[in-house]
Number of protein chains: 2
Amino acid sequence: MKRKSLEGSTCSVARTLDIIGDWWTLLIVRDALNGLTRFGEFQKSLGIAKNMLTQRLKQLVEQGILAVRPATDGSAWNEYVLTEKGRALQMVLVALSQWGGEYLFDSKEKCNILVDNKHHQPLRKLTLQAQDGRTITPDEVVLERSTVPAE
Amino acid sequence: MKRKSLEGSTCSVARTLDIIGDWWTLLIVRDALNGLTRFGEFQKSLGIAKNMLTQRLKQLVEQGILAVRPATDGSAWNEYVLTEKGRALQMVLVALSQWGGEYLFDSKEKCNILVDNKHHQPLRKLTLQAQDGRTITPDEVVLERSTVPAE
DNA sequence: CCGTATCCATTCCGATACTG
DNA sequence: CAGTATCGGAATGGATACGG
C-alpha cells in the first residue's frame, strides 16, 4: 500500500509538502542555495547515500526546482542549479531557520544562521502582513478556500 | 541501519527538519492552527492511519509543540493544543503556502490560502529584510556560522 | 569523479481488529 | 470516540560493489 498522495489537494500547504515534505529535499535546496552544484559536493555535505541523492536530484529536476546543465569545468558530468522556482524556496528555509534558531538552540550554542552578505547581520525576523501592509498577529490568520492571488 | 539524526547539527535548518521534516507533522500543525484538537478530528481531516497519528502526536508532545490537556467537553479523552513553540510554526506554513500557491496551482484552480480574518484578503507575500529593515534580495542572503541572535 | 545497481535492515504507512 | 496492537507491503536509507 502506497503512500497517499496529496498532489491533488486543494490546500497549498499539502500540495507543497507532497513535493518537498521529505527528509532530504530541503537540505539539498539549502546546499544548492549555498552554491553547491555537483553530485559529490551534495553527497559530502549531506552524508546522504548515493542512491538516495540520485533519486532526490531526479525528483527535483522533474519538479522544475533544479535544472541540469553540463559541467563548466570541462568534465563530462552534470551540474545541478536552482531554477527560479527553486530559489523561491529560500523563504521556506528562512522560516525554518528562524524557528529552529529560536526554539532548538541554547542561547550559548553555535548555530548556522542566515545573514545578509553586506553587513553580516542576521535577517530580521519574518512578520505577517495583511494585503495593505499592516502587521498582523498569528491569530488573525485563517486558512480559506479561494483562488490563487494574482501576483 | 537507522536514519542519520541531525539533532546535533549546528545548522538551524537541519535541526528543524530533523523534527518536523517528515510528511505528516506540519499537516497536523496546520490543522491544529485551524482549531482542531481531537484525535478523531485530525484523523478525519488528514486521512492518516491511526497508528501514525498516535505516533506523530506523541512526538509533537515530546518536542513541546503540542500540549495535552483533558477534554473540556466532559469526555475522558485528550485534547491537543499548540504551545507557543507550536504556534510559531505558522510562519513556516505561510512560507510553504505562498510557495505552493505560486508554483503549484494553475491560475484558475481553486486553492486554500491564508487570509487575514478581518478583510479576508490574502496575506502579503513574505519579504526578506535586513536587520535595519531594508528589503533585501534572495542573493544577498548567506548561511553563516554564528550564535543565535538575541530576540 | 559521477553515477548506477544491489543488498539488507529499518521505517513508513494503510488496513484491520480490538479494548475501554 | 480514543486509542492500542498487529500485519504486510512499500519506501527509506546506509554500505558496498561496479562501470564510465
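Note that this is a predicted model, so its numbers are computed, not measured. Quick note on labels: first sequence line is chain A, next is B, and so on, each numbered from 1.
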- Tell me whether the OP1 or OP2 atom of D:dT12 has a side-chain N or O from A:Arg3 closer than 4.0 Å. no
- Spacing of A:Lys50 atom NZ relative to D:dA15 atom P, expressed in whole Å: 12 Å
- Query: Between atom CZ in B:Arg38 and atom P in D:dA2, what is the gap in whole Å?
  - Reply: 4 Å
- Message: Are the side chains of A:Glu102 and A:Ser97 in contact, using a 4.5 Å heavy-atom criterion?
- Response: no
- Between CG of A:Leu46 and C1' of C:dG3 the distance, given in whole Å, is 16 Å
- Quick one: B:Asp18 CG to C:dT11 P, roughly how many Å, whole number? 13 Å
- Query: Which is it for A:Asn112 and B:Ser12 under the side chain to side chain contact (heavy atoms under 4.5 Å, CB included) test, yes or no, and what are the steps along the way?
  - Reply: CA-CA 6 Å; A:Asn112 292 1; B:Ser12 54; 5.6 Å; no
- Message: Just N and O in the side chain of A:Tyr80: are any of them under 4.0 Å from OP1 or OP2 of C:dG3?
- Response: yes
- Message: Counting the atoms with a prime plus P, OP1 and OP2 as sugar-phosphate, which does A:Phe42 contact under 4.0 Å by heavy atoms, base, sugar-phosphate, or nothing?
- Response: nothing
- Task: Could you walk me through whether B:Leu26 and B:Val92 pass the side chain to side chain contact (heavy atoms under 4.5 Å, CB included) test, one step at a time?
- Result: CA-CA 9 Å; B:Leu26 285 178; B:Val92 174; 4.3 Å; yes
- Task: Check whether NZ of the Lys or CZ of the Arg A:Arg15 lies under 6.0 Å from the centre of the six-membered ring of B:Phe105 and within 45 degrees of that ring's axis.
- Result: yes
- Query: With a 4.0 Å cut-off, would you call B:Asp116 and A:Arg134 a salt bridge?
  - Reply: yes
- Task: Please report, rounded to the nearest Å, how far the P atom of D:dA5 is from the CD atom of B:Gln55.
- Result: 13 Å
- Item | Proximity to the side chain of A:Trp24 - top-ranked nucleotide from D:dG14, D:dT12, C:dC13 | D:dG14
- Do A:Asn51 and D:dG14 share a donor-acceptor pair, side chain to base, under 3.5 Å? yes
- Is any side-chain N or O of B:Thr54 closer than 4.0 Å to OP1 or OP2 of D:dG3? no
- Check the distance between C:dC13's C1' and B:Leu53's CG and give it to me in whole angstrom. 13 Å
- Using whole Å, report how far CH2 of A:Trp77 lies from P of D:dG19. 14 Å
- Message: For a quick check of understanding: with a heavy-atom distance under 4.0 Å over all strands, which category does A:Asp22 fall into, base, sugar-phosphate or nothing?
- Response: nothing
- Item | A:Gln43 CD to D:dT16 C1', straight-line distance once rounded to whole Å | 12 Å
